[in-house]
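Data block below; observations after.
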Amino acid sequence: MISERRISESRVIRTALAVEAEVIAELHQRARSTYYPDGVPRDDVDWADAWRSSIERPNAQVLCAVEHGAIVAVASFRTPDGAPEETVKLYQFHVDPDRWHSGIGTSLHAACVEAWQADGRRTAVLDVHVDNARAQAFYARRGWVPDPENPPAEGDHHLFLRLAVPGATPGE
């Protein structure tokens with residue numbers, strides 16, 4: 001039998017559940033508010049509903065990192081509409097700001113890469129807000145580079161990055 005203490009002290013990365021959408025939306029809000037210069041812009045998006053839809057979407061995957069019984073990081077990804085099946089887009093990747101520099105983001109990113117490898121993905125893409133230097137540095141340390149097929153246009157608020165999925169063999 002596993003004690004509650006052992007469970008509460010472990011870090012688990014698992015598939016998110018639709019019933020967790022509200023908690024995930026709150027984490028998303030906290031993380032997102034750190035990189036907008038004036039806080040999170042006002043929008044009319046029901047983020048809990050958006051996360052629930054992502055979790056329930058059959059061709060998408062949402063992973064969450066759970067530590068001490070709480071969701072502390074989340075990532076969502078899928079093949080973008082119209083893209084080749086070997087391409088995956090990391091749509092969302094958020095770590096609770098109170099848990100930055102604890103290794104959770106690194107663990108969650110590694111879990112994403114493992115899922116992409118298992119699914120035969122060769123290329124991953126994402127976009128990151130231009131004011132989010134911390135996230136840009138995080139991705140650069142993991143091998144993400146500017147996407148040569150999607151250079152930023154003047155006035156873009158996002159940079160587009162690409163990752164050759166480690167262990168994937170081009171042309172297979």
Show me the donor-acceptor pairs, under 3.5 Å and distance only, between side chains in residues 84-92 and residues at least two apart or in other chains.
{"residue": "Glu86", "atom": "OE2", "partner": "Arg122", "partner atom": "NH2", "Å": "3.4"}
{"residue": "Lys89", "atom": "NZ", "partner": "Asp127", "partner atom": "OD1", "Å": "3.0"}
{"residue": "Gln92", "atom": "OE1", "partner": "His94", "partner atom": "NE2", "Å": "2.5"}

Pairs of donor and acceptor atoms involving the side chains of residues 56-65, under 3.5 Å and at least two apart or interchain, shall be tabulated with distances.
{"residue": "Arg57", "atom": "NE", "partner": "Asn59", "partner atom": "OD1", "Å": "2.7"}

### Query
His109 vs Trp116 aromatic rings, parallel, tilted or perpendicular, using cut-offs 30° and 60°?
perpendicular

### Query
Any link between Phe138 and Val130 through a network of hydrophobic side chains (Ile, Leu, Val, Met, Phe, Trp, Tyr) touching at under 4.5 Å?
yes

### Task
Would you give the length of the straight line joining atom CH2 of Trp47 to atom OG of Ser53, rounded to the nearest 0.5 angstrom?
11.5 Å

### Query
Does Ile55 belong to the same Ile/Leu/Val/Met/Phe/Trp/Tyr cluster as Val12, with side-chain heavy atoms less than 4.5 Å apart forming each link?
no

### Task
Might you work through the side chain to side chain contact (heavy atoms under 4.5 Å, CB included) test for Val165 and Gln117, ending with a clear yes or no?
CA-CA 7 Å; Val165 176; Gln117 290 167 331; 3.7 Å; yes

### Query
For the hydrophobic clusters of this structure (ILVMFWY residues joined by side-chain heavy atoms under 4.5 Å, transitively), does one cluster hold both Leu27 and Ile13?
no

### Task
If a pair satisfies salt bridge (charged side-chain N to carboxylate O under 4.0 Å, His left out) and one of its residues is in residues 94-116, list it, with sequence neighbours excluded.
Arg30-Asp96, Glu67-Arg99

### Query
Rounded to the nearest 0.5 Å, how far does CG of Leu126 lie from OH of Tyr139?
5.5 Å

### Pro152 and His157, any side-chain heavy atoms less than 4.5 Å apart
no

### Which residues share a side-chain hydrogen bond (donor to acceptor under 3.5 Å, both in side chains) with Trp51, sequence neighbours left out
His28

### Message
With a 4.5 Å cut-off on side-chain heavy atoms, are Ile24 and Ile71 touching?
### Response
yes

### Query
Looking at the rings of Phe77 and Phe93, which for Trp means the six-membered one, are their centres under 6.0 Å apart?
no

### Query
Just by distance, do the side chain of Asp147 and the backbone of Glu149 share a donor-acceptor pair under 3.5 Å?
yes

Can you list, pair by pair, the side-chain donor-acceptor contacts under 3.5 Å of residues 16-23, counting residues two or more places apart and other chains?
{"residue": "Glu20", "atom": "OE1", "partner": "Arg14", "partner atom": "NH1", "Å": "3.1"}
{"residue": "Glu20", "atom": "OE1", "partner": "Leu17", "partner atom": "N", "Å": "2.8"}
{"residue": "Glu20", "atom": "OE2", "partner": "Arg14", "partner atom": "NH1", "Å": "3.4"}
{"residue": "Glu20", "atom": "OE2", "partner": "Arg14", "partner atom": "NH2", "Å": "2.4"}

### Task
Would you check if Leu159 and Pro146 make a side-chain contact, meaning some heavy-atom pair closer than 4.5 Å?
no

### Task
Check for a donor-acceptor pair, side chain of Asn132 on one end and backbone N or O of His129 on the other, with a separation under 3.5 Å.
no

#### Entry: Listed once per pair and sorted, the salt bridge (charged side-chain N to carboxylate O under 4.0 Å, His left out) pairs that draw on residues 132-146, sequence neighbours left out
none

### Message
If hydrophobic clusters are built by linking Ile, Leu, Val, Met, Phe, Trp and Tyr wherever their side-chain heavy atoms come under 4.5 Å apart, do Val128 and Val113 end up in the same one?
### Response
yes

